[in-house]
Amino acid sequence: MDTKKTKNLLFVCLGNICRSPSAEAVMNAVIKKADQTSEFVCDSAGIIGHHEGDRADSRMRSHAARRSYDLTSISRQFRYKTDFDKFDMIIGMDDQNIKDLQSQARNQEDLKKIVKMTDYCTKFTHYKTVPDPYYGGEAGFELVLDLLEDACDGLLNHLNGKL
Ligand code: 4NP
């Protein structure tokens, strides 16, 4: 029997319809490419629950599809009572996400799990957040994917002890 525990990763943005479902899909692709699918579980959630039950934004899905990412996750709100226990890392997309997550942390152990996606970038190091593309144009969705591809590579290297 394989008793190795998986590392559980939760990606969080505001609405869980653009950035965090993309992060989940990009990270799953990076993990698959590294042949490490048995070692990780990825999920995503939103600070707000306005889009609960919705698929990812159609603009985000079409930009992601052009890079062969299939955004299948369904939006849900972050649940502090269960998510802090279930996940080993909780990865926010911008500073407000981080503040909102920190304000829901119950203790020091919860706080230690909260990190920011762009902290794992190795190419786009001048970006300190993954900017919200919801009210912007096409370029914003491409930038989200560029940043996530860089950050997810860096995150897996970090988890593998290489960074
Ligand atoms: P996300 O983008 O946080 O990347 O999913 C947003 C989606 C919806 C809203 C805001 C941001 N909204 O206010 O409805």
Q: Side chains of F11 and C42, heavy atoms from C-beta outward: is any pair under 4.5 Å?
A: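 F11 vs C42: side chains touch.
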Q: So, do P21 and N16 sit near enough that their side-chain heavy atoms are less than 4.5 Å apart?
A: yes
Q: Keeping D150 on the side-chain end and C121 on the backbone end, is there a donor-acceptor pair under 3.5 Å?
A: no
Q: Remaining members of I47's ILVMFWY cluster at a side-chain heavy-atom cut-off under 4.5 Å?
A: L10, V12, L14, I48, F78, Y80, F84, F87, I90, I98, L101, L111, I114
Q: Counting C-beta onward and ignoring hydrogens, is there a side-chain heavy-atom pair between M93 and T129 closer than 4.5 Å?
A: no
Q: Can you list everything that forms a side chain to side chain contact (heavy atoms under 4.5 Å, CB included) with D57? Sequence neighbours excluded, please.
A: I17, C18, R59, M60, Y134, F141
Q: Is any side-chain heavy atom of E142 less than 4.5 Å from a side-chain heavy atom of R66?
A: yes
Q: Can you tell whether the side chains of D83 and K113 come within less than 4.0 Å, N to carboxylate O?
A: no
Q: Please name the pair of heavy atoms, one in L148 and one in S22, separated by the smallest distance, quoted to 0.1 Å.
A: CD1-CB, 3.5 Å
Q: Got a donor-acceptor contact below 3.5 angstrom from the S75 side chain to the G15 backbone?
A: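 Checked: pair present.
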Q: Under 3.5 Å, sequence neighbours excluded: what are the donor-acceptor pairs made by side chains of residues 49-56?
A:
from : atom 1 : to  : atom 2 : distance (Å)
H51  : ND1    : D54 : OD2    : 3.4
E52  : OE1    : Q77 : N      : 3.2

Q: side-chain contact (heavy atoms from CB on, under 4.5 Å) for S44 and R76? Distances and angles first, verdict last.
A: CA-CA 8 Å; S44 64; R76 71 162 177 96; over 6 Å; no
Q: Are side-chain heavy atoms of V144 and H63 found at a separation under 4.5 Å?
A: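 Sidechains of H63 and V144: no contact.
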Q: Run the side chain to side chain donor-acceptor pair (under 3.5 Å) test against R79 and tell me which residues pass, sequence neighbours left out.
A: none
Q: For L159, enumerate each residue passing the side chain to side chain contact (heavy atoms under 4.5 Å, CB included) test, keeping only those at least two apart in sequence or located in another chain.
A: K7, L9, M27, F40, M89, L155
Q: Do R67 and E149 touch side chain to side chain, with heavy atoms closer than 4.5 Å?
A: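 Side chain of R67 against side chain of E149, heavy atoms only: contact under 4.5 Å found.
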Q: For D100 and Q96, what are the C-alpha separation, side-chain angles and deciding distance, and is it a side chain to side chain donor-acceptor pair (under 3.5 Å)?
A: CA-CA 6 Å; D100 291 337; Q96 190 59 49; 3.0 Å; yes
Q: Return yes if a side-chain donor-acceptor contact under 3.5 Å exists between D94 and N97, otherwise no.
A: yes
Q: From D43 CG over to S73 OG, what is the distance, rounded to the nearest 0.5 angstrom?
A: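 Rounded to the nearest 0.5 Å, the CG-OG separation comes out at 7.5 Å.
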Q: Following the transitive rule for hydrophobic clusters with a side-chain heavy-atom cut-off under 4.5 Å over Ile, Leu, Val, Met, Phe, Trp and Tyr, establish whether V26 and V41 coincide in one cluster.
A: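 Shared cluster, no.
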Q: For the residue pair L156 and A34, what are the closest heavy atoms and their distance?
A: CD2-CB, 3.6 Å
Q: Might you work through the side-chain contact (heavy atoms from CB on, under 4.5 Å) test for R106 and D85, ending with a clear yes or no?
A: CA-CA 10 Å; R106 300 158 303 175; D85 292 328; 2.8 Å; yes
Q: Once you round to the nearest 0.5 Å, how far does CG of N157 lie from CG of D153?
A: 6.5 Å
Q: Short question: side chain of N8, backbone of D88 - any donor-acceptor pair under 3.5 Å?
A: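 Between the backbone of D88 and the side chain of N8 there is no qualifying donor-acceptor contact (under 3.5 Å).
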Q: If you look at every heavy atom in K116 and K128, which pair is closest and at what distance?
A: NZ-O, 2.9 Å
Q: Restricting to side chain to side chain contact (heavy atoms under 4.5 Å, CB included), what partner residues turn up for N107, sequence neighbours left out?
A: E109, D110
